[in-house]
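Have a look at the structure below before the remarks.
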Amino acid sequence: MTETNSLTTKSLLDWYDRHARALPWRVSPEDRRLGEIPDPYRIWLSEVMLQQTTVAAVKDYFIKFTGTWPTVMDLAAARQEDVMKAWAGLGYYSRARNLKKCADTVARDHGGHFPDTEDALLKLPGIGPYTAAAIAAIAFDRHAAVVDGNVERVLSRLGLIETPLPDAKPEIKALMGTLTPSDRPGDFAQAVMDLGATICTPKRPACAICPWTQECRARNEGLAETLPRKAPKKEKPVRFGAAFVARDAKTGSIYLRRRPPKGLLGGMTEVPGTDWRETGQTDDPSGQAPFAGPWTKRMTVVKHTFTHFHLRLTVYRADISAAGIEANDGWWCPVDDLNSEALPTVMRKVLAAALD
DNA sequence: AAAACGGGGAT
DNA sequence: ATCCCAGTTTT
């Protein structure tokens, strides 16, 4: 490492020692100096939850998960269904499926202990290049180049990397490897990410109070806010469908069913509905309802946006007698139990529109 | 290499 | 409305 890089690294670690945010899964720099070791299970769980997800959204889920399943062995012993219920609302549900797979693998093949190298971590389900490096650095003090969206933004500015993403990834990874110290690699990674989250923000970065304001090449060129450059993204199409909320006239129970295990919202709970097509349907969809009506259309059209399309769902409700109806593919759920079901947000919106 | 995969908060 | 987030897996 060059002398310049060493000074750059040190100035950020000094900033981190003074400004590190307290987080439920983080061991503070002070506590670490006092000998506290981060729990690999908690680091892993937090890092998976944080994939494409904000710190604010993760906090409560992390506390709920670690309270229910304090160790990886507890999670391995859990039922898949209970993990999906606990994950409901957090999004990217393949993460919850892979979380359980990973816990099972660690319990069965590694004696309940996470492997302590980047390469071995990378082999586990749901752990990709970012998460493997983050766990290796934070939980095991390995010299790993941790690169997430924050690091891409911060380092593209620090090094004036004008290559658009994703082509710039190798260059950024190399720069992060050069900057990362062998002493405190995990704190350094967290410092860059904290910097990106609080100061080197996508818009209006606070360069005046940045610990790297002197050495930042983009700032010195007046280009900080223009970086990183990114390839233009595709626009989202709109899809349309109908959802059917069947309510038992006697008990108020709602008819629910399980979605297929893979794909969009895989393994989650839903109310019956039509396919989601790219053209607005002008025909009466009640023929596709699970039971005979009469179905009445709700005024509120549910709008929801997924990663790659907008969805507009017309909601129908029917109050019928559950007795005598065969619950082939689903079950009747008491209305008071809806909150604990594995219902994704779009389905909670549907139920709100049907029941208000 | 490109697409699939959620949801919410900030602007 | 748009962007973006402590990305990974599948095609």
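Predicted, not measured: the structure shown is a model, and the values here were computed from it. So you know, we letter chains A, B, ... as the sequences are listed, proteins then strands, and number each from 1.
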Open item on the list: Please give the distance between the C1' atoms of B:dC5 and C:dC5 as a whole number of Å.
Closed with: 15 Å
TODO: Heavy atoms of chain A, cut-off under 4.0 Å: which first and last nucleotide of DNA chain B, 5' to 3', fall inside that, if you could look?
DONE: B:dA4 to B:dG8
Open item on the list: I'd like the P distance from C:dT8 over to B:dG9, given in whole Å.
Closed with: 23 Å
Task: side chain to side chain donor-acceptor pair (under 3.5 Å) partners for A:R95, two or more places apart - done: A:T53
Open item on the list: If you take any heavy atom closer than 4.0 Å to DNA chain C, which residues from residues 155-167 of chain A end up in contact?
Closed with: none
Open item on the list: Check for me whether the distance between the ring centres of A:F306 and A:H304 falls short of 6.0 Å.
Closed with: yes
- [ ] Calculate the interatomic distance between A:L195 atom CG and C:dC5 atom P; express it in whole Å.
- [x] 14 Å
Task: Test ring-ring contact (aromatic ring centres under 6.0 Å, His included) applied to A:H19 - qualifying residues, sequence neighbours left out - done: A:W15
Open item on the list: Taking C:dT9 as the reference, what is the distance to B:dG8 when you measure between their C1' atoms (whole Å, please)?
Closed with: 23 Å
Open item on the list: Closer than 3.5 angstrom, by distance alone: can the side chain of A:Y61 be matched with the main-chain N or O of A:A88 as a donor-acceptor pair?
Closed with: yes
Task: Same-atom distance (C1') from B:dG6 to C:dC4, integer angstrom - done: 13 Å
- [ ] State which residues pass ring-ring contact (aromatic ring centres under 6.0 Å, His included) with A:F188; sequence neighbours excluded, sorted by chain then number.
- [x] none
- [ ] Would you give a per-nucleotide map of nucleotides 6-11 of chain C, 5' to 3', where B means the base has a protein non-hydrogen atom under 4.0 Å away, S means only the sugar-phosphate does, and - means neither?
- [x] BBSS--
TODO: Select base, sugar-phosphate, or nothing to describe what A:G263 touches, counting heavy atoms under 4.0 Å on all strands.
DONE: sugar-phosphate
Task: side chain to side chain donor-acceptor pair (under 3.5 Å) against A:E225, all qualifying residues, sequence neighbours excluded - done: none
- [ ] Please list, chain by chain and in numerical order, all residues satisfying salt bridge (Lys or Arg N to Asp or Glu O under 4.0 Å) with A:D74, sequence neighbours excluded.
- [x] none
Task: Of A:K234 and A:L90, the one whose closest DNA chain B nucleotide lies more 5' - done: A:K234
Task: Partners meeting side chain to side chain donor-acceptor pair (under 3.5 Å) with A:D60 (sequence neighbours left out) - done: none
Open item on the list: Taking ring-ring contact (aromatic ring centres under 6.0 Å, His included) as the definition, give me every residue that meets it alongside A:Y130, ordered by chain and number, with sequence neighbours left out.
Closed with: none
Open item on the list: My understanding is that only residues two or more places apart in sequence, or in another chain, count here; which of them pass side chain to side chain donor-acceptor pair (under 3.5 Å) with A:R142?
Closed with: A:D116
- [ ] Only counting residues at least two apart or in another chain, list the ones meeting side-chain contact (heavy atoms from CB on, under 4.5 Å) with A:E171.
- [x] A:I161, A:T163
